[in-house]
Amino acid sequence: MRLLPILVFCLLTARAAMALPDGGFLLATPIIDTEAATPRYIHLQIDGPTITVTYASVFQPDADMCREHNHCDAYWDGLQLRYAQKDNQLRISDRNLTRDDKPSSANRVNGDPTADQRLYFEPLIRRLNNATVVGDAAGGFTLLSETDDAPTRFAPLPREGLDLLMAWVGTAGVSLNRLNYCEVPQFSQIYPLAQSQRFRNALTVFNEIRESSFAATRLVTQEDESDLEWQDRSAKQKQRSRPANILNQTINWVIRHPQDDPAEVMDRLLGPSAPSEVSVHVIPMLPYIKDAADFKARLQKIRDAGTPLSAPLCMDMTLGMGKTHPHLSKGK
């Protein structure tokens, strides 16, 4: 009976089987067992027969994880696959790990050196192997397989788009499990559109906050550091997280006092002798502060009403900010 929904899907799409298209694509179908593993965004960068897989974690590794994993980034792009096509089906012909670090803490937590392979790599490889590829009008593709109950969908998104999507998830404060990847096809369509500029502005600020906050966690604690070294590292961490604090304070002030000029608010928070390493992260965000405050205010309104965020965000992840920008002409 598994073949029936797949056959129906093929008839509805009425497209011939195809090889994987070149470009960047983000998984839009849950395939990870989240009872056993932390959810990840899974991004494919396809270049001919080569697929580079990036696993993106919503949570940045802290100092201890940085040290234990020998990896200190939310993105891990160490799985590379090669495929061929035979009888209209994909065949994974080769798989390589291009990095020595780990995409998760699953190996350590489970005491199993194959946990990452089992929980993160195999669910993807299994869906690619022996699958038929069907394109869609939005520029993405779907994998159809006799071994899976449902199709596996990928939406088009360049690798750099992950930064803004991750910033959105962190700001919204909703788990990937609750969203069930409903945001992926939305973001895929919104990302290239000029009329979503206000929403993109807000995400640009949130991404700067995210990067500034995470930069402090990359200052890894040394187990044998002296008191003087600890004080120096703590001062650096405080300084590196300062742009995030200033941006958050400016946004929150503008939400409460919309009549105030964001430039004056930011100037007060920076002070007369702000270090250049702080100003260089904060000042370029000034034109986007009002849009960031608008989005956060919309989120807060939903929270204050007691409505679970996942439902309205799955309906419209921009919360109404994806409409045509008043200062942009349609189509530009």
Side-chain angles (χ1 to χ4, degrees), residues 41 56-60 74 161-179 182-184 186-187 189-191 193-217 240-270 278-279 281-328:
Y41 284 120
S57 170
V58 174
F59 302 103
Q60 176 76 13
L162 270 177
D163 289 341
L164 296 185
L165 181 57
M166 301 272 276
W168 176 85
V169 174
T171 302
V174 182
S175 72
L176 296 187
N177 282 347
R178 287 193 175 276
L179 292 169
C182 71
E183 75 282 13
V184 173
Q186 288 190 70
F187 193 69
Q189 295 177 37
I190 291 167
Y191 185 77
L193 299 179
Q195 56 261 44
S196 65
Q197 190 61 51
R198 293 189 64 233
F199 181 59
R200 287 281 295 271
N201 290 347
L203 298 192
T204 299
V205 179
F206 300 143
N207 187 53
E208 182 59 50
I209 292 172
R210 172 177 170 271
E211 282 297 316
S212 294
S213 298
F214 288 167
T217 71
R240 192 59 190 88
S241 63
R242 193 178 171 203
N245 294 334
I246 290 175
L247 289 171
N248 274 319
Q249 290 178 59
T250 304
I251 290 169
N252 293 334
W253 183 276
V254 170
I255 291 173
R256 295 192 304 270
H257 309 281
Q259 73 282 0
D260 287 4
D261 183 355
E264 294 180 1
V265 176
M266 185 179 288
D267 190 53
R268 289 199 301 270
L269 292 170
L270 279 170
V278 174
S279 300
H281 292 283
V282 172
I283 293 176
M285 297 297 106
L286 182 58
Y288 313 139
I289 288 293
K290 285 191 174 182
D291 291 329
D294 188 0
F295 185 75
K296 283 198 72 172
R298 294 173 191 230
L299 279 173
Q300 192 58 51
K301 185 176 180 180
I302 296 171
R303 290 193 182 100
D304 291 345
T307 304
L309 275 170
S310 54
L313 290 174
C314 281
M315 184 177 298
D316 176 11
M317 69 184 299
T318 77
L319 299 181
M321 288 184 66
K323 299 176 181 178
T324 303
H325 193 290
H327 303 300
L328 291 176

For Met166 versus Ser57, what's the shortest heavy-atom pair and its separation? CE-O, 2.6 Å

Sidechain-backbone polar pair: Ser310 side chain, Arg178 backbone, donor-acceptor under 3.5 Å: no

Counting only heavy atoms not in Tyr288 (residues, nucleotides, ligands), do more than 12 fall under 6.0 Å from its OH? no

With a 4.5 Å limit on heavy-atom distance, are the side chains of Glu183 and Tyr41 in contact? yes

Heavy-atom closest contact (Ala172 atom, Leu313 atom, distance): CB-CD1, 3.9 Å

Rounded distance (nearest 0.5 Å) linking atom CD1 of Ile255 with atom NZ of Lys301: 13.5 Å

Run the numbers on Leu286 and Met266 for side chain to side chain contact (heavy atoms under 4.5 Å, CB included), then give the verdict. CA-CA 8 Å; Leu286 182 58; Met266 185 179 288; 4.0 Å; yes

In chain order, what residues pass the side-chain hydrogen bond (donor to acceptor under 3.5 Å, both in side chains) check against Arg298, with sequence neighbours excluded? Asp294

Evaluate the side chain to side chain contact (heavy atoms under 4.5 Å, CB included) criterion for residues Leu193 and Phe199: first the C-alpha distance (whole Å), next the side-chain angles of each, then the deciding distance (0.1 Å), finally the verdict. CA-CA 10 Å; Leu193 299 179; Phe199 181 59; over 6 Å; no

Please answer whether the main-chain N or O of Met317 pairs with a side-chain N or O of Trp168 as donor and acceptor at a distance below 3.5 Å. yes

Nearest heavy-atom neighbours spanning Val205 and Ala292: CB-CB, 3.9 Å

Ile283 side chain near Leu270 side chain, heavy-atom distance below 4.5 Å: yes

From CA spacing to verdict: side-chain hydrogen bond (donor to acceptor under 3.5 Å, both in side chains), Asn245, Gln249: CA-CA 6 Å; Asn245 294 334; Gln249 290 178 59; 5.7 Å; no

When rounded to the nearest 0.5 Å, the distance separating NE2 of His281 from CD of Glu211 is 9.5 Å

Would Glu208 and Thr204 satisfy side-chain hydrogen bond (donor to acceptor under 3.5 Å, both in side chains), going step by step from the backbone distance to the final call? CA-CA 6 Å; Glu208 182 59 50; Thr204 299; over 6 Å; no

Heavy-atom pair of closest approach, residues Pro308 and Pro312: O-CD, 3.1 Å

Can you confirm whether Asn201 sits close enough to Ile289 that some side-chain heavy atom of one is under 4.5 Å from a side-chain heavy atom of the other? no

Hey, what's the ring geometry for Phe206 with Phe295, parallel, tilted or perpendicular (30° and 60° as the breaks)? tilted

Under 4.5 Å between any side-chain heavy atoms of Ile209 and Thr171, yes or no? no

Return yes if some donor-acceptor pair links the side-chain N/O of Arg198 with the main-chain N/O of Lys290 below 3.5 Å, else return no. no

Tell me, do Asn248 and Lys296 make a side-chain contact under 4.5 Å, heavy atoms counted? yes

Go through the steps for Leu319 and Ile302 under the test side chain to side chain contact (heavy atoms under 4.5 Å, CB included), then give the verdict. CA-CA 10 Å; Leu319 299 181; Ile302 296 171; 3.7 Å; yes

N/O donor-acceptor pair under 3.5 Å between Gln186 side chain and Cys314 backbone: yes

When every non-hydrogen atom of Val254 is compared with those of Ala293, the smallest separation belongs to CG1-CB, 3.8 Å

Met321 side chain near Asp316 side chain, heavy-atom distance below 4.5 Å: no

Spacing of NE2 belonging to His257 relative to CG belonging to Asn252, to within rounding of 0.5 Å: 10.5 Å

Closest heavy-atom pair, Ile246 versus Leu269, reported as atoms and distance to 0.1 Å, is O-CD1, 3.8 Å

